[in-house]
Visitor: 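To start, I am sharing the structure in question, which I have written as structure tokens.
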Number of protein chains: 2
Amino acid sequence: MESLAALPILSALAQESRLAIFRLLVKAGPDGKAAGDIARKLKTAASTMSAQLLVLANAGLVHARRDGRSIIYAVDFGKMSALLLFLTEDCCGGRAEICAPLASVANKCCPPAKGVRHEAPASSRRR
Amino acid sequence: MESLAALPILSALAQESRLAIFRLLVKAGPDGKAAGDIARKLKTAASTMSAQLLVLANAGLVHARRDGRSIIYAVDFGKMSALLLFLTEDCCGGRAEICAPLASVANKCCPPAKGVRHEAPASSRRR
DNA sequence: CTTATATTTCCATATTCTATGAAATATGGA
DNA sequence: TCCATATTTCATAGAATATGGAAATATAAG
């Protein structure tokens with residue numbers, strides 16, 4: 001990811017209501033959540049929610065699919081992962097000060113197999 | 001770090017000129033760089049640079065120290081690390097989709113020592 | 001003390017962002 | 001078809017941000 005590509009993603013997350021939406025969608029997981037449900041949960045007008053979701057979608061952080069009358073939004077974890085990689089590697093140059101704490105979290109979640117495998121088993125645990 | 005604490009950091013980075021400043025300062029390392037040097041390098045007015053640096057400093061991403069007539073700004077890697085931890089753990093719930101790619105980068109940078117468990121060192125555990 | 005340099009503070013301006021009601025569009029059901 | 005529901009699009013008002021010139025402040029040097 002390039003610096004310019006990271007900007008809309010950072011901007012999308014750099015706002016209270018949108019960060020809240022994003023976190024809600026992370027919790028919802030791959031099944032996602034309908035726009036109206038999110039709006040009710042966060043107590044915002046439908047049109048406002050629509051605009052916020054559009055920003056998140058344009059950044060690529062979430063994607064939408066229609067289901068009947070509802071439109072379901074779900075997080076694109078790949079995009080989020082790419083942002084974290086960009087911030088860690090390209091932006092911070094993989095400095096030890098940054099990486100060391102991350103390594104502990106990442107390894108706790110995905111213990112490296114011998115010979116270092118980087119792919120996550122599809123069924124890895126989640127909270 | 002809490003969601004609210006992450007916001008000013010994300011906002012600070014979510015802007016083209018400030019992200020450029022930040023990356024320049026990452027490259028400069030712990031020694032930092034004088035405000036004027038940054039302004040010249042990025043071709044912006046001194047007053048504009050001052051305002052941008054203030055945003056970064058208020059977010060805690062950089063800190064300033066005076067050296068003679070110059071004011072030297074340097075990145076606070078701890079803060080950046082905290083942001084990445086927040087995004088990975090608290091925000092994304094340490095999902096495998098997010099962690100797996102990070103683990104590979106982090107381990108490349110800070111290889112887990114041989115014969116050592118992959119538990120996080122107590123000093124960096126949270127929650 | 002005076003002058004030059006480095007940076008910040010203050011201020012004005014232009015731009016962008018956020019939020020919302022109202023109207024438009026899409027879908028499903030009676 | 002007609003109506004209700006779900007969401008988006010549009011218009012717009014108000015807030016926040018970005019930028020840079022001018023003046024103020026701090027430091028250094030002669």
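Keep in mind that what you see is a predicted model, and the values were worked out from it rather than measured. Basis for what follows: all heavy atoms, side chains included, without hydrogens, waters or symmetry-related copies. Order of the sequence lines sets the chain letters (A, B, ...), proteins ahead of strands, with each chain counted from 1.
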Visitor: Rounded to the nearest Å, what distance is computed from the CG atom of residue L54(A) to the P atom of nucleotide dT9(D)?
Guide: 7 Å
Visitor: Looking at every strand, decide which applies to A35(A) at a 4.0 Å heavy-atom threshold: base, sugar-phosphate, or nothing.
Guide: sugar-phosphate
Visitor: Return the value, rounded to whole Å, for the distance between atom CZ of R65(A) and atom P of dT27(C).
Guide: 16 Å
Visitor: Got a second to check how far K43(A)'s NZ is from S17(A)'s OG, nearest 0.5 Å?
Guide: 14.5 Å
Visitor: Indicate yes or no for a side-chain donor-acceptor contact from S81(A) to the backbone of F77(A) under 3.5 Å, with no hydrogens or angles considered.
Guide: no
Visitor: Taking R23(A) for the side chain and D90(B) for the main chain, is one N or O donor matched with an acceptor at less than 3.5 Å?
Guide: yes
Visitor: Is A39(A) touching bases, backbone alone, or none of the nucleic acid, heavy atoms closer than 4.0 Å?
Guide: nothing
Visitor: Does OP1 or OP2 of dT8(D) have a side-chain N or O of Y73(A) closer than 4.0 Å?
Guide: yes
Visitor: Once you round it to whole Å, what is the distance between C1' of dC17(C) and CG of N58(A)?
Guide: 14 Å
Visitor: Between D76(A) and G60(A), which heavy-atom pair has the shortest distance, and what is it?
Guide: CB-O, 3.4 Å
Visitor: Sequence neighbours excluded, which residues qualify as side chain to side chain contact (heavy atoms under 4.5 Å, CB included) partners of L7(A)?
Guide: L4(A), E16(B), L19(B)
Visitor: Applying salt bridge (Lys or Arg N to Asp or Glu O under 4.0 Å), run through R95(B) and E89(B) and close with a yes or a no.
Guide: CA-CA 8 Å; R95(B) 285 181 171 264; E89(B) 276 204 302; over 6 Å; no
Visitor: Just how far, in rounded Å, is P of dA6(D) from CD1 of I71(A)?
Guide: 12 Å
Visitor: Which of these, L24(B), V75(B), I72(B), sits in a side-chain contact (heavy atoms from CB on, under 4.5 Å) with K33(B)?
Guide: L24(B)
Visitor: Using a 3.5 Å limit for the pairing distances, which stems of at least 3 consecutive Watson-Crick or G-U wobble pairs does DNA chain C take part in?
Guide: C:1-30 with D:1-30
Visitor: On a heavy-atom basis, which atom in A59(B) and which in I9(B) lie closest, and how many Å separate them?
Guide: O-CG1, 3.6 Å
Visitor: What is the distance, to the nearest angstrom, from the CG atom on D37(B) to the P atom on dT5(C)?
Guide: 15 Å
Visitor: Collect all protein-nucleotide pairs involving nucleotides 18-20 of chain C in which both atoms are nitrogen or oxygen and the distance is under 3.5 Å.
Guide:
from: dT18(C); atom 1: OP1; to: R18(A); atom 2: NH2; distance (Å): 3.2
from: dT18(C); atom 1: OP2; to: R18(A); atom 2: NH1; distance (Å): 3.0
from: dA19(C); atom 1: OP2; to: Q52(A); atom 2: NE2; distance (Å): 2.4
from: dT20(C); atom 1: OP2; to: T48(A); atom 2: OG1; distance (Å): 3.2

Visitor: What is the distance, to the nearest angstrom, from the CZ atom on R40(B) to the P atom on dT5(C)?
Guide: 11 Å
Visitor: What string of B, S and - do you get for nucleotides 23-30 of chain D 5' to 3' if you count protein non-hydrogen atoms under 4.0 Å?
Guide: ---SBS--
Visitor: Contact class for S50(A) vs. all strands (heavy atom < 4.0 Å): base, sugar-phosphate, or nothing?
Guide: base
Visitor: Who pairs with D37(B) by side chain to side chain donor-acceptor pair (under 3.5 Å), at least two apart in sequence or on another chain?
Guide: R40(B)
Visitor: CG of L61(A) to OH of Y73(A): how many Å apart, nearest 0.5 Å?
Guide: 13.5 Å
Visitor: Roughly, in whole Å, what's the span from CD1 in I21(A) to P in dT7(D)?
Guide: 13 Å
Visitor: Roughly, in whole Å, what's the span from CD1 in I72(A) to C1' in dT27(C)?
Guide: 13 Å
Visitor: Name all residues meeting the side chain to side chain donor-acceptor pair (under 3.5 Å) criterion together with T48(B); count only those two or more places apart in sequence or in a different chain, and write none if there are none.
Guide: none
Visitor: What are the two closest heavy atoms between R18(B) and S11(B), and how far apart are they?
Guide: NH2-O, 3.1 Å
